[in-house]
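Numbers restart at 1 for each chain; the letters A, B, ... are given by sequence-line order, proteins then strands. The structure displayed is predicted, hence computed values, not measured ones.
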Amino acid sequence: MRSDAPRAPWGLKLAAGAGLVFMIAPLLLIFVYAFTTEERTYQWPPPGFTLQWFGVTWGRTDVWQALTLSVQVATISTAIALVLGTLCAAAVSGSKFFGREVISLLVILPIALPGIITGIALRSAFGMTDIPFSFWTIVVGHATFCVVTVYNNAVARFRRTSGSLIEASMDLGADQFQTFRYVILPNIGTALLAGGMLAFALSFDEVIVTTFTAGQQQTLPLWMLEELVRPRQRPVTNVVAVVVVLVTTIPILLAFYLTRDGDQIAGSGK
Amino acid sequence: MSAASSAFLEHRRGPLTGLSDLFWRRPKLLVFLLLVPPLLWLGVIYVGSLVALLMQSFYAIDEFSGMVDYDVLTLKTYGELFRPANLDIIIRTVLMAMAVTLASAVIAFPIAYMAARYVRGRWKAMFYLAVMLPLWSSYLVKIYAWKLILAKEGILNWIFAQLHLTGALEAYLGLPVVGGGSLSISYTGTFLVFVYVWMPYMILPTQAALERVPVNLTDASSDLGGTPWQTFRHVIFPLALPGIIAGSIFTFSLTLGDYIIPQIVGSSRLFIGQAVYAHQGTAGNIPLAAAFSVVPIVIMGLYLWMAQRKGAFDAL
Amino acid sequence: MTTAVSLKAITRRFGEVLALDAIDLDIAEGEFFAMLGPSGSGKTTCLRVIAGFEQPSSGELSIFGQRAEGVPPYKRNVNTVFQDYALFPHLNVIDNVAYSLMLRKVPVAERYSQAEAVLDMVKLAGYGMRRPGQLSGGQRQRVALARALVNQPKVLLLDEPLGALDLKLREQMQEELKSLQKRLGITFIFVTHDQGEAMSMADRIAVFNLGKIMQVGTPEEIYLKPASRFVADFVGSSNVLPPDFVARTTGKASWASLRPEAITVTAGAGQPDLTGTVVARNYLGATTRITVDLGGQRLHAVLPSGAGVPLEGSVVTVDFDPSALHRMDDTP
């Protein structure tokens, strides 16, 4: 018998370790920079450490406005993506019809195509139809590419929620709506939540499509981009970067734990 | 217990039940109704916009007025793509995408192999998160981190100085093509950031493919006298290849379409995404911008076609 | 006797495939009825038509005299025990069992006391708080049974109910199901591909093949008087004899079946048509089954175990009473 976890060759360990360091160290570096006393350059090592930039950032109304807008856009886009993604997943798994590959392709397309193409396409469409750029044009763009995360999570769970569960529910006297409420929803709920978290993270971070679908509005990523191209107050940017990392990390961690639990629930039925 | 006397449950009435009966009798109606909202959104609004954009590429700018001439359908704009300056942009972008993909595969493979084969239990979850968190971290923050790293006064130059290797770095930057005034305005800088941002997309598909390689297959190879290298070369690598190709779809496509990374870290020479951005924005040449956006679509179409023939989609 | 379920010329098409081909069947109230057949024979489709998961393409289905085509499953007082049990993974055992009571808005206290009573009946009292995932296969089977019985359905459908259980458990469940059915007096219709299971449990059996019913009858009728070659082949260990062989021994050409225990074997050559070589010998405990090759035609015979059983390779003469031959039509 082979032991469960054979020893890895040291060369492999070294290569994998170096790869992980390459992935994670730059993010940690940002945390260090958030505390630097240096204002005008990216000097390393930092000449000193201070907490003052957190206070300064806290007082910046432009940051707050951008953050608020990003949260609003992400919330509404996620809500729309939840509805559209669940509908697609239910339709695709509920029956076999000729167009299911087309539906999957349609859902994946906005994220598979380079963001700039989606952005310009929507921008010129808004232009042609004389729709003024607003909060809602941003939401339209975001919801379009957020559907995929909800859809993927929901479809995977629908697949594991076996058809006989739905038949069992109807057999025991539940009509289609009761079956949805008492059997389907509890079984796909965590998957939807996880998909929604990922959609939120995706929308909160999106910059390319937003560049083309926003008018005067500035989401947090647009604010960041502005700072990257024309830095104004570098320490504030450092603090915002840390906040963005934290805000996107939390939904990812939650989504991870949700789907992990979900797998245990789904697996217990077997 | 209350036994129902009839063969049917007659108490089940009401408008909702009636609707449920209708859907039960006509399941296709239900599927149709479910699909109406997403199809309207994605099929009409989104695909409609895409088609409208692509249509633009079949018009051309009138050379005298500078306005788009909507009366004539023409391939003239596509012809412009083959002007040396534009061809340069396309070739530069494709070469960069290839280099990024190759480097991503090399860096991702050990991580994926380790995760698929050697880590178990809690460590496996940690490994997964260590891959997922950078993958999902903010795109701009990741670029920003590299702006900090590559800055003249930043950590990378500091490390070279500490190791007394500043001379070597300067010699490297003196090289043609890969060099430049400093790391942050060289192709090397652009390349590093591209790899950093898109490499995580290579890990999960590769890992998925490796997890499907049965352990006893590698045992069998060593039993038959294969050295670890031969086992890798002839057993593991061929079986992992579909996963690597699946991952390369991401790294290749994402590099092809990006315009922000080369704008922030790199030389002033354009990539496809920047060209699209410039033509639709300041230049106001929507037809040429549209024609430029067709390039990554065509390249990815070809790439996907080849990947499908290698069976890469099963690994997605 | 009331007819519980009646099928008249029920046909079900899936595209080009004829899953049910003009089935006629009447099942009486209180009967323990088995649908037996190989996979793809239409027996499961027939069960699903009765449950309401499939609609007949044509024909009439009545349940207790009421026409049931177009009536959705949630309006039929018919419940099903699924092959994979289909227990709701997000609910514990008691909520699984009480699911239909919850839908009927039975007050909570009464709901749980009824569910507990049914759990007690299937010998799972006290398991209510467990999750389906924490139960063994046999226990899940009992929960599925309790959940389907809590409503006191007019008809209980069982789709390969014992297929996933091991042999010992299967035999025990067969007895329990049989006695449960006697006690409750509910019509049980169960689908199986295991002829032994059908024989030991059912009052009557319908043998399915290629979307048609080949024969309906009591286990004895099916075993002793198979109506066709298919039934004889599928149901029993009977010898199926071709017309030329039957003509040589009895003078009249037709297909016939011959039970192995009706054959006697004597050592040495005798009448040339009935002389052959023993090619196989299977020890079964009290009896031994031998296979005799009569110039290409193979016959199975079951003999009491002991010294009298001829050895493999020995030459023997077989004999049987011509009245033991059961003539059949030649439907394959």
What part of [X] gets within 4.5 angstrom of chain A, counting heavy atoms only: side chain, backbone, both, or neither?
| X | result |
| --- | --- |
| B:I260 | side chain |
| B:L129 | side chain |
| B:A130 | both |
| B:I159 | neither |
| B:L30 | side chain |
| B:Y128 | side chain |
| B:W158 | side chain |
| B:I264 | side chain |

Specify which of [options] makes the most heavy-atom pairs with chain B at under 4.5 Å.
| options | value |
| --- | --- |
| A:C88, A:A15, A:P110 | A:P110 |
| A:I80, A:N238, A:L253, A:T129 | A:N238 |
| A:V242, A:L20, A:T179, A:V244 | A:L20 |
| A:I24, A:L84, A:L113 | A:L84 |
| A:V147, A:I120, A:L14, A:V83 | A:I120 |
| A:P45, A:A25, A:G11 | A:P45 |

Please rank [options] by heavy-atom pairs under 4.5 Å with chain A and give me the top one.
| options | value |
| --- | --- |
| B:A112, B:S138, B:P134 | B:S138 |
| B:I143, B:I107, B:I149, B:L148 | B:L148 |
| B:A52, B:A108, B:S137 | B:S137 |
| B:K147, B:K142, B:M199 | B:K147 |
| B:V141, B:L254, B:L156 | B:V141 |
| B:Y277, B:Y259, B:F23 | B:Y259 |

Go through the atoms of [X] and report whether side chain, backbone, both or neither lie under 4.5 Å from a heavy atom of chain B.
| X | result |
| --- | --- |
| A:T41 | both |
| A:R234 | both |
| A:F22 | both |
| A:V107 | both |
| A:F126 | neither |

Minimum side-chain heavy-atom gap [X]-[Y] below 4.5 Å:
| X | Y | result |
| --- | --- | --- |
| B:L150 | B:V193 | yes |
| A:P46 | A:E38 | no |
| B:R117 | B:L210 | no |
| B:T255 | B:W198 | yes |
| B:L19 | A:F177 | yes |

Parallel, tilted or perpendicular: ring planes of B:Y113 versus B:Y118, cut at 30 and 60 degrees
perpendicular
Please name the residue in the list B:Y139, B:W146, B:Y144, B:Y201 that meets the ring-ring contact (aromatic ring centres under 6.0 Å, His included) test with B:Y196.
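Only one of B:Y139, B:W146, B:Y144, B:Y201 forms a ring-ring contact (aromatic ring centres under 6.0 Å, His included) with B:Y196, namely B:W146.
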Rounding to 0.5 Å, atoms CG (A:L122) and CG (B:L53) come to a distance of 9.5 Å
Measuring from atom OG1 of B:T17 to atom CG of A:D175, what distance do you get when rounded to the nearest 0.5 angstrom?
4.5 Å
Cut-off 3.5 Å, no hydrogens considered: what does the side-chain donor-acceptor table look like for residues 31-48 of chain B, sequence neighbours left out?
unit_1	atom_1	unit_2	atom_2	d
B:W41	NE1	A:T144	OG1	3.0
B:Y46	OH	A:T118	OG1	2.9

Is a side-chain N or O of A:R123 found less than 3.5 angstrom from the main chain of A:F212, in a donor-acceptor match?
yes
Under 3.5 Å donor-acceptor, A:Q218 side chain and A:A66 backbone:
no
For a quick test of your reading: what N or O donor-acceptor pairs under 3.5 Å do the side chains of residues 290-300 of chain B make, sequence neighbours left out?
unit_1	atom_1	unit_2	atom_2	d
B:S293	OG	B:A289	O	2.8
B:S293	OG	B:A290	O	3.0

